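Report on one structure; see the data block that follows.
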Amino acid sequence: MRFSQAFIPTQKQIPADAEVPSHQLMLRTGMIRLHLSGVYSFLPLGWRVLRKVAQIIREEMEQIGAQEFLLPTLSRKDIWEKTGRWQQAGDLMFRLKDRRGADLCLPPTHEEIFTSIAAGEIRSYRELPQIWYQIQTKFRDEPRPRSGVLRGRQFLMKDSYSFDTDQEGLERSYQLHRRAYLRIFRRCELETFTVSASSGIMGGSESEEFMISSPAGEDEVVLCRDCDYAANLEVATAGEQQSDSPSPSAQSQAEKVFTPEKKTIEAVSEFLELSPSRLMKSLLFISERGPVMALISGEDQLDEAKLNRELKCEFRPATPEEALELTGAHLGFIGPVGLKKEVMIIADLSLKDQDDLLTGANQDDFHLKGLEPGRDFRVEKYAQLRMVQSGDPCPCCGAALEISPAIEIGHIFKLGTKYSQALEATYLDPQGEQHPIVMGSYGIGLERIVASVIEQHSDKDGIVWPISIAPYQIHLLPINPAHQETKELSEQLYQGLLGKGLEVLIDDRELRAGTKFKDADLIGIPLRATIGEKGLNQGKVEIRFRKSGKVIKVDKAVALAKIEEIVREMEKTVQSSEN
RNA sequence: CGGGGCGUAGCGCAGUCCGGUCAGCGCGCAGCGUUCGGGACGCUGAGGUCGUGGGUUCAAAUCCCACCGCCCCGACCA
């Protein structure tokens with residue numbers, strides 16, 4: 001490509017609306033432009049990168065025997081009703097009606113459609129296993145799109161689905177994907193790690209996320225420094241620490257204290273000069289199984305996912321009116337002692353065997369102190385309810401846990417039979433018995449890979465592309481295209497490299513050298529060949545590595561061969577590191 | 001959805017509190033000249049319904065109301 005004819009609108013200034021580095025750089029290099037919140041146009045440079053990522057994904061998917069499909073981006077309602085997700089997806093799903101008033105949606109994922117194809121076509125165990133995939137636009141009306149393409153409302157996803165006869169087969173398909181994903185990320189030169197994760201609305205038994213560590217990430221992962229434990233904060237658990245400070249007064253008695261207007265843990269703790277660890281948070285919820293009070297230490301946060309796991313049903317915070325009715329007090333003064341009505345009480349494990357605790361007295365402006373669970377109030381159940389905090393002990397080895405932000409770029413699920421049962425995707429076994437197909441589903445966010453690569457591979461001057469997904473492999477930079485020898489040699493190199501099947505961008509613009517150098521660094525093509533009078537006087541062409549800044553001077557006669565050799569070498573390095 | 005910020009030329013911004021040479025600056029863009037290996041310099045020039053609609057006023061980028069849009073924090077997140 002000739003830069004003079006290319007549409008690569010680079011920007012010197014950092015766009016005001018971008019905060020994370022990958023977003024800024026994608027805008028500045030002219031890869032993307034905003035169309036509406038969370039929806040971006042990909043310009044030629046960005047699209048080239050995206051296509052390269054897609055190509056790597058295709059190669060690795062084909063490698064595990066997956067077959068590419070292309071499903072619709074418009075879907076009918078009935079299959080979503082059968083799986084319950086027409087309801088469940090709520091506002092996240094874009095919905096529309098056709099001219100006859102039929103309900104349609106823009107699928108946020110494609111389990112329903114793939115499964116309905118399987119349901120219509122697969123009859124026998126002989127036709128299994130199958131792995132089907134596509135690279136397709138997904139639509140999700142995210143409550144808050146952010147960070148450029150990292151969380152968009154429309155994005156490209158490689159989604160694949162495995163269909164097996166049994167759990168063992170699923171395990172095989174799952175492991176195939178796991179390995180394929182690791183190869184894909186390695187080829188993109190992404191440093192990833194996996195964490196166990198919540199399967200959320202997807203359902204199923206087990207899921208893992210592929211993460212890259214980044215301050216731009218929206219997920220929080222819990223990592224153990226000493227062992228392999230790694231989990232999304234959503235599902236992380238901590239080992240239980242033994243309370244090394246035994247409660248001060250073993251024979252404390254429940255006692256009412258006057259705490260006017262002190263509603264929060266901080267306010268009460270300050271007012272009574274008590275450590276928040278002595279305080280107990282009483283949180284009231286209304287669940288499908290009735291009112292529930294969750295008790296946790298004053299220094300912890302409730303992890304709603306964990307409460308959900310214990311309750312096994314939907315719940316929501318009680319309104320102030322409901323709290324008053326159930327406890328006799330306003331929020332801020334509620335507690336487990338002397339409730340007006342029947343409320344299920346579930347307490348965090350850390351409160352077990354504690355005493356001399358303080359919480360609301362169910363009377364406005366009063367708290368109760370000296371409380372002991374079991375003695376002063378009944379607890380239906382103890383469970384880990386608190387959010388894991390940095391420094392908590394690892395559940396596996398006891399070492400301190402760390403929490404750090406991360407970007408989720410892939411997620412693999414063992415779905416089981418949730419969708420096959422709902423949509424009647426079954427097969428006959430050798431005995432002629434009918435069974436639901438056992439499914440897995442596997443996703444990779446394409447734009448997230450691109451943005452993540454930039455997050456991991458950029459410096460103050462711009463992007464530093466890995467050669468595997470760089471928009472071009474070589475950036476030819478004739479300093480002064482008007483200079484005869486410069487022009488001739490750079491043209492010769494350009495045509496020669498193209499002839500070798502390489503991807504070349506030649507900056508033939510009549511601009512000052514500095515401007516062209518800055519653009520070259522910004523765009524970040526891994527190899528740059530500079531052709532200028534200074535070098536030509538010695539018969540040399542300069543080859544510069546974007547990553548290291550290292551420059552080698554080669555004789556102009558061998559420049560073509562040398563550049564090709566270096567490109568092939570760089571490509572091979574990535575390939576060979578993958579095994 | 002709650003909280004905060006913002007919307008003035010392609011980009012980055014000043015002007016808004018206190019209504020009246022406030023339609024301005026830098027970059028970019030076009031032309032000419034000098035320059036020419038890390039975002040040059042000079043001169044000239046083009047380019048803006050001041051997000052939209054309504055209101056107040058002799059007069060509105062500026063004050064009031066409504067709406068739209070973008071960003072950030074939170075809630076949420078397959």
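Everything quoted here is computed from the prediction, not taken from an experiment. Within every chain, numbering begins at 1; the chains are lettered A, B, ... in the order of the sequence lines, protein sequences first and strands thereafter.
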Can you tell me how far P in G7(B) sits from the matching atom in A40(B), rounded to whole Å? 30 Å
Thinking salt bridges, do Lys556(A) and Glu485(A) make one under a 4.0 Å N-O criterion? yes
Side-chain donor or acceptor of Arg151(A) paired with backbone N/O of Gly38(A) under 3.5 Å: no
Counting heavy atoms from C-beta on, name the nucleotide in A78(B), G39(B), G37(B) closest to the side chain of Leu522(A). G39(B)
Without hydrogens or angle criteria, can the side chains of Gln167(A) and Glu171(A) be said to hold a donor-acceptor pair below 3.5 Å? no
Can you tell me the distance, in whole Å, between the NE2 atom of His475(A) and the C1' atom of G38(B)? 13 Å
Can you tell me whether the side chain of Gln13(A) and the base of G26(B) have a donor-acceptor pair closer than 3.5 Å? yes
A9(B) versus G74(B) - spacing of their P atoms, nearest Å: 31 Å
Please work out whether the ring planes of Tyr181(A) and Phe185(A) are parallel, tilted or perpendicular, with thresholds of 30° and 60°. perpendicular
Separation of C71(B) atom P from Glu142(A) atom CD, nearest Å, is 13 Å
Which one is paired to G45(B), where only Watson-Crick or G-U wobble pairs with both distances under 3.5 angstrom count? C29(B)
Quick one: on RNA chain B, does Phe139(A) or Pro15(A) contact a more 5' nucleotide (nearest heavy atom)? Pro15(A)
Whole-Å distance separating the CZ atom of Arg153(A) from the C1' atom of G69(B): 11 Å
Base-pairing mate for G7(B) - Watson-Crick or G-U, with both contacts under 3.5 Å: C68(B)
Are Ser404(A) and Glu402(A) close enough that a side-chain donor and a side-chain acceptor fall under 3.5 Å? no
If you measure from the C1' atom in C22(B) to the same atom in A66(B), how many Å do you get, rounded? 27 Å
How many Å lie between CD on Glu510(A) and P on U35(B), as a whole number? 16 Å
Which is true for Arg33(A) with a 4.0 Å heavy-atom rule: it touches a base, it touches only sugar-phosphate, or it touches nothing? nothing
Considering Watson-Crick and G-U wobble pairs with both distances under 3.5 Å, what does C1(B) pair with? G74(B)
Walk me through whether Ser22(A) and Glu455(A) qualify under side-chain hydrogen bond (donor to acceptor under 3.5 Å, both in side chains). CA-CA 5 Å; Ser22(A) 59; Glu455(A) 291 288 331; 2.7 Å; yes
Here the distance between atom P of C70(B) and atom CD1 of Ile32(A), to the nearest Å, is 15 Å
Would one find a side-chain N or O of Ser37(A) under 4.0 angstrom from OP1 or OP2 of G69(B)? no
Verify, without hydrogens or angle tests, whether Arg33(A) (side chain) and Leu27(A) (backbone) share a donor-acceptor contact under 3.5 angstrom. yes
Using a heavy-atom cut-off of 4.0 Å across all strands, would you classify Glu209(A) as base, sugar-phosphate, or nothing? nothing
If pairing means Watson-Crick or G-U wobble with both distances under 3.5 Å, then the partner of G37(B) is none
Using atom C1' in both nucleotides, what's the gap between C18(B) and U62(B) to the nearest angstrom? 10 Å
What contact category does Leu477(A) fall into here, base, sugar-phosphate, or nothing, at under 4.0 angstrom with non-hydrogen atoms? nothing
With nearest nucleotide decided by heavy atoms, which residue, Pro145(A) or Lys516(A), maps closer to the 5′ end of RNA chain B? Lys516(A)
Where the side chain of Arg85(A) is concerned, which of C13(B), A78(B), G38(B) is the nearest nucleotide? A78(B)
Can you tell me how far C1' of C76(B) sits from CD of Glu234(A), to the nearest Å? 11 Å
Does the C71(B) base have a donor-acceptor partner in the side chain of Arg146(A) within less than 3.5 Å? no
Pairing nucleotide - C13(B), Watson-Crick or G-U, each distance under 3.5 Å: G24(B)
Using the P atom as the point on both nucleotides, what is the distance between C70(B) and G20(B), in whole Å? 32 Å
When rounded to the nearest Å, what value does the distance between C1' atoms of A61(B) and A75(B) take? 36 Å
From U35(B), C11(B), C72(B), pick the nucleotide closest to the side chain of Ser147(A)? C72(B)
Under 4.0 angstrom, heavy atoms only, what part of the nucleic acid is Ile14(A) near: base, sugar-phosphate, or nothing? sugar-phosphate
Counting side-chain heavy atoms from C-beta on, which of G39(B), G37(B), C36(B) comes nearest to Arg512(A)? C36(B)
Looking at the side chain of Arg151(A), which of G12(B), C70(B), C77(B) is the nearest nucleotide? C77(B)
Do the side-chain N or O atoms of Arg144(A) get closer than 4.0 angstrom to the phosphate oxygens (OP1, OP2) of C76(B)? no
Candidates A78(B), G39(B), G12(B) - which lies nearest the side chain of Asp519(A): G39(B)
Given atom CG of Leu27(A) and atom P of G10(B), what is their separation to the nearest angstrom? 17 Å
Under 3.5 Å on both distances, the Watson-Crick or G-U partner of A61(B): none
Report which part of the nucleic acid Asp17(A) touches: base, sugar-phosphate, or nothing (heavy-atom distance under 4.0 Å, all strands). sugar-phosphate
Any donor and acceptor pair, going by atom type alone, linking the side chain of His177(A) with main-chain N or O of Gly443(A) inside 3.5 Å? no
Would you measure the distance from the C1' atom in G47(B) across to the matching atom in A30(B) and give it in whole Å? 11 Å
Do the side chain of Lys281(A) and the main chain of Asp300(A) share a donor and acceptor less than 3.5 angstrom apart? yes
Check if the side chain of Arg528(A) and the base of G38(B) share a donor-acceptor pair of N or O atoms closer than 3.5 Å. yes
Can you check the His35(A) NE2 to G69(B) C1' distance for me, whole Å? 12 Å
Heavy atoms under 4.0 Å, any strand shown: does Gly535(A) hit a base, just sugar-phosphate, or nothing? base
With the side chain defined as heavy atoms from C-beta on, Thr109(A) is closest, among C72(B), C36(B), A78(B), to A78(B)
Closest of G12(B), G38(B), G37(B) to the Ile479(A) side chain is G37(B)
For atom C1', what is the distance between U52(B) and U8(B), given to the nearest Å? 15 Å
Using a 4.0 Å heavy-atom cut-off across all strands, classify Glu19(A) as base, sugar-phosphate, or nothing. sugar-phosphate
Paired nucleotide for C50(B) [Watson-Crick or G-U wobble; both distances under 3.5 Å]: none
